[in-house]
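FYI, the numbering just counts along the sequence from 1. Values in this document were obtained by computation on a predicted structure and should not be read as measured data.
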Amino acid sequence: MNEPHLIDTFQSQRLTLSYAEWGDPDAPPLVLVHGGRDQKRSWDSVAGRLSRHFRVIAHDLRGHGQSEWVTDGDYGVMDHVFDLSSLVDHFKLDRFTLLGHSLGGNITLRYSGLFP
(Lines give C-alpha, C1' and ligand atoms only; values in the text may rest on other atoms or scores of the structure.)
Protein backbone atom coordinates (compact mmCIF):
# COMPACT_ATOMS: atom_id res chain seq x y z
CA MET A 1 0.00 0.00 0.00
CA ASN A 2 2.79 2.46 0.80
CA GLU A 3 4.97 1.48 -2.15
CA PRO A 4 4.90 3.91 -5.07
CA HIS A 5 3.51 2.51 -8.31
CA LEU A 6 6.17 4.34 -10.32
CA ILE A 7 9.73 5.54 -9.78
CA ASP A 8 11.28 7.44 -12.67
CA THR A 9 13.41 10.49 -13.49
CA PHE A 10 13.15 13.96 -14.99
CA GLN A 11 15.72 16.56 -16.05
CA SER A 12 16.46 19.88 -14.37
CA GLN A 13 19.45 22.12 -15.05
CA ARG A 14 21.36 19.24 -16.67
CA LEU A 15 20.79 17.00 -13.62
CA THR A 16 18.79 13.79 -13.54
CA LEU A 17 16.41 13.88 -10.58
CA SER A 18 14.32 10.98 -9.33
CA TYR A 19 10.64 10.98 -8.41
CA ALA A 20 8.06 8.54 -7.09
CA GLU A 21 4.35 8.49 -7.75
CA TRP A 22 1.48 6.95 -5.78
CA GLY A 23 -2.24 6.71 -6.50
CA ASP A 24 -4.52 7.14 -9.48
CA PRO A 25 -2.95 9.22 -12.28
CA ASP A 26 -6.39 10.77 -12.89
CA ALA A 27 -6.83 11.93 -9.28
CA PRO A 28 -6.09 15.53 -8.25
CA PRO A 29 -2.28 15.99 -8.06
CA LEU A 30 -0.46 16.54 -4.77
CA VAL A 31 3.28 17.34 -4.85
CA LEU A 32 5.32 16.59 -1.71
CA VAL A 33 8.74 18.16 -1.08
CA HIS A 34 10.94 16.55 1.59
CA GLY A 35 13.29 18.16 4.10
CA GLY A 36 17.06 18.51 4.04
CA ARG A 37 17.87 15.21 5.72
CA ASP A 38 15.26 13.16 3.91
CA GLN A 39 14.47 11.79 0.48
CA LYS A 40 11.32 11.04 -1.54
CA ARG A 41 10.74 7.67 0.14
CA SER A 42 10.49 9.42 3.52
CA TRP A 43 6.94 10.18 2.39
CA ASP A 44 5.94 6.51 1.89
CA SER A 45 3.58 6.25 4.86
CA VAL A 46 1.95 9.64 4.28
CA ALA A 47 1.82 9.19 0.50
CA GLY A 48 0.21 5.76 0.87
CA ARG A 49 -2.63 7.27 2.87
CA LEU A 50 -3.00 10.39 0.72
CA SER A 51 -3.00 8.34 -2.48
CA ARG A 52 -6.54 7.23 -1.69
CA HIS A 53 -7.66 10.70 -2.77
CA PHE A 54 -4.71 12.18 -4.70
CA ARG A 55 -2.14 11.46 -7.36
CA VAL A 56 0.88 11.90 -5.08
CA ILE A 57 4.24 12.91 -6.57
CA ALA A 58 7.46 13.31 -4.56
CA HIS A 59 10.94 13.90 -5.92
CA ASP A 60 14.42 13.56 -4.48
CA LEU A 61 16.01 16.97 -4.14
CA ARG A 62 19.33 17.31 -5.94
CA GLY A 63 22.02 15.49 -3.96
CA HIS A 64 19.43 13.36 -2.13
CA GLY A 65 18.18 9.81 -2.61
CA GLN A 66 18.51 8.71 -6.22
CA SER A 67 18.97 12.20 -7.69
CA GLU A 68 22.28 13.39 -9.07
CA TRP A 69 24.65 15.58 -7.09
CA VAL A 70 25.95 18.91 -8.37
CA THR A 71 29.63 19.08 -9.29
CA ASP A 72 30.43 22.25 -7.32
CA GLY A 73 28.74 21.31 -4.03
CA ASP A 74 26.46 24.38 -4.15
CA TYR A 75 22.88 23.46 -3.21
CA GLY A 76 21.14 26.84 -3.22
CA VAL A 77 17.47 27.03 -2.28
CA MET A 78 16.58 28.75 -5.55
CA ASP A 79 18.07 25.82 -7.49
CA HIS A 80 15.66 23.56 -5.58
CA VAL A 81 12.81 25.93 -6.49
CA PHE A 82 13.79 25.71 -10.15
CA ASP A 83 13.94 21.90 -9.86
CA LEU A 84 10.41 21.89 -8.42
CA SER A 85 9.31 24.04 -11.37
CA SER A 86 10.93 21.50 -13.72
CA LEU A 87 9.02 18.68 -12.00
CA VAL A 88 5.74 20.58 -12.40
CA ASP A 89 6.56 21.18 -16.08
CA HIS A 90 7.51 17.50 -16.53
CA PHE A 91 4.03 16.47 -15.39
CA LYS A 92 2.35 19.42 -17.15
CA LEU A 93 0.55 20.28 -13.92
CA ASP A 94 -1.70 23.31 -14.13
CA ARG A 95 -3.43 23.18 -10.74
CA PHE A 96 -2.14 21.07 -7.85
CA THR A 97 -1.70 20.99 -4.11
CA LEU A 98 1.82 21.55 -2.79
CA LEU A 99 3.09 20.36 0.60
CA GLY A 100 6.60 20.58 2.07
CA HIS A 101 8.31 20.16 5.41
CA SER A 102 11.48 21.76 6.78
CA LEU A 103 13.69 22.67 3.80
CA GLY A 104 10.84 21.47 1.58
CA GLY A 105 8.57 24.02 3.26
CA ASN A 106 11.05 26.77 2.41
CA ILE A 107 11.16 25.56 -1.19
CA THR A 108 7.38 25.33 -1.53
CA LEU A 109 6.85 28.82 -0.06
CA ARG A 110 9.33 30.36 -2.49
CA TYR A 111 7.86 28.40 -5.40
CA SER A 112 4.34 29.53 -4.47
CA GLY A 113 5.46 33.14 -4.35
CA LEU A 114 7.05 32.96 -7.78
CA PHE A 115 4.38 30.78 -9.42
CA PRO A 116 1.06 31.56 -7.65
Side-chain angles (χ1 to χ4, degrees):
M1 170 88 181
N2 296 338
E3 290 291 316
H5 69 81
L6 176 67
I7 296 178
D8 205 348
T9 61
F10 69 102
Q11 297 295 309
S12 180
Q13 302 181 77
R14 291 185 259 157
L15 291 177
T16 300
L17 305 180
S18 178
Y19 69 85
E21 190 174 354
W22 297 257
D24 181 354
D26 294 324
L30 168 64
V31 177
L32 305 176
V33 184
H34 66 76
R37 293 187 180 220
D38 288 318
Q39 47 110 350
K40 67 182 179 290
R41 298 302 301 273
S42 299
W43 290 109
D44 279 3
S45 179
V46 172
R49 289 182 181 94
L50 291 171
S51 68
R52 296 176 193 150
H53 306 284
F54 294 96
R55 173 189 187 187
V56 180
I57 302 164
H59 71 293
D60 282 328
L61 299 176
R62 53 180 54 214
H64 292 77
Q66 295 175 309
S67 287
E68 284 187 322
W69 293 33
V70 297
T71 57
D72 63 2
D74 184 13
Y75 292 91
V77 173
M78 292 312 292
D79 287 319
H80 292 302
V81 172
F82 188 84
D83 294 340
L84 176 56
S85 177
S86 295
L87 177 72
V88 169
D89 289 347
H90 174 80
F91 282 101
K92 297 175 177 49
L93 300 178
D94 188 30
R95 296 183 59 87
F96 59 97
T97 302
L98 185 58
L99 175 69
H101 78 88
S102 191
L103 173 60
N106 187 327
I107 295 165
T108 60
L109 283 172
R110 290 172 190 251
Y111 176 89
S112 297
L114 291 169
F115 305 99

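- Judged by distance alone, with hydrogens and angles left aside, the side-chain atoms of Glu21 form no donor-acceptor pair with the main-chain N or O of Leu6 at under 3.5 Å.
- Across every non-hydrogen atom of Tyr75 and Val70, the tightest pair is OH-N, 3.1 Å.
- The shortest non-hydrogen separation linking Leu30 to Leu98 is CD1-N, 4.5 Å.
- In this structure, Arg37 CZ and Ser42 OG are separated by 12.5 Å, a value rounded to the nearest 0.5 Å.
- Residues Asp24 and Arg55 approach most closely at O-CB, 3.3 Å, considering heavy atoms.
- One hydrophobic cluster, built from ILVMFWY side chains closer than 4.5 Å, cannot hold both Leu93 and Leu50; they sit in different ones.
- Salt-bridge check for Arg41 with Glu3: passed, with a basic side-chain N closer than 4.0 Å to an acidic carboxylate O.
- Taking 4.5 Å as the limit, every side-chain heavy atom of Leu32 sits out of range of all side-chain heavy atoms of His59.
- There is no side-chain donor-acceptor pair under 3.5 Å between Ser86 and Gln13.
- When all heavy atoms of Phe54 and Thr97 are compared, the pair lying nearest together is CE2-OG1, 4.4 Å.
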Margin query: One pair to check against side chain to side chain contact (heavy atoms under 4.5 Å, CB included): Ser18 and Asp8. What are the steps and the verdict?
Written below: CA-CA 6 Å; Ser18 178; Asp8 205 348; over 6 Å; no
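- Within the 3.5 Å criterion, the main-chain N or O of Gln39 finds no donor-acceptor partner in the side chain of Asp60.
- Between Trp43 and His101, the ring center distance clears the sub-6.0 Å criterion.
- Judged by distance alone, with hydrogens and angles left aside, the side-chain atoms of Thr108 form a donor-acceptor pair with the main-chain N or O of Gly104 at under 3.5 Å.
- Ring planes of Phe10 and His90: tilted class, angle from 30 to 60°.
- Residues Phe115 and Val31 are members of one and the same hydrophobic cluster, defined by side-chain heavy-atom contacts under 4.5 angstrom among Ile, Leu, Val, Met, Phe, Trp and Tyr.
- Minimum interatomic distance between Pro29 and Arg95 (heavy atoms only, all atoms of both residues): CG-O, 3.5 Å.
- Aromatic pair His64/His34: ring centres closer than 6.0 Å.
- Counting heavy atoms from C-beta on, the side chains of Leu17 and Thr9 never come closer than 4.5 Å.
- You'll find the side chain of Leu61 reaches within 4.5 Å of the side chain of Leu103, heavy atoms only.
- Residues meeting the salt bridge (Lys or Arg N to Asp or Glu O under 4.0 Å) test with Arg62, sequence neighbours left out: Asp83.
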Next item on the list: Take Met78 and Leu114, measure what side chain to side chain contact (heavy atoms under 4.5 Å, CB included) needs, and give me the verdict at the end.
Entry: CA-CA 11 Å; Met78 292 312 292; Leu114 291 169; 3.4 Å; yes
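- Taking 4.5 Å as the limit, some side-chain heavy atom of Leu87 sits within range of a side-chain heavy atom of Tyr19.
- The shortest non-hydrogen separation linking Ser51 to Trp22 is CB-CB, 3.7 Å.
- Checking Asp79, Ile107, Asp89 one by one against Leu84, the side chain to side chain contact (heavy atoms under 4.5 Å, CB included) holds for a single residue, Ile107.
- Using a 4.5 Å heavy-atom cutoff, the side chains of Leu99 and Val33 are not in contact.
- Relative ring orientation between Tyr111 and Phe96 is described as tilted, the plane-to-plane angle lying within the 30° to 60° band.
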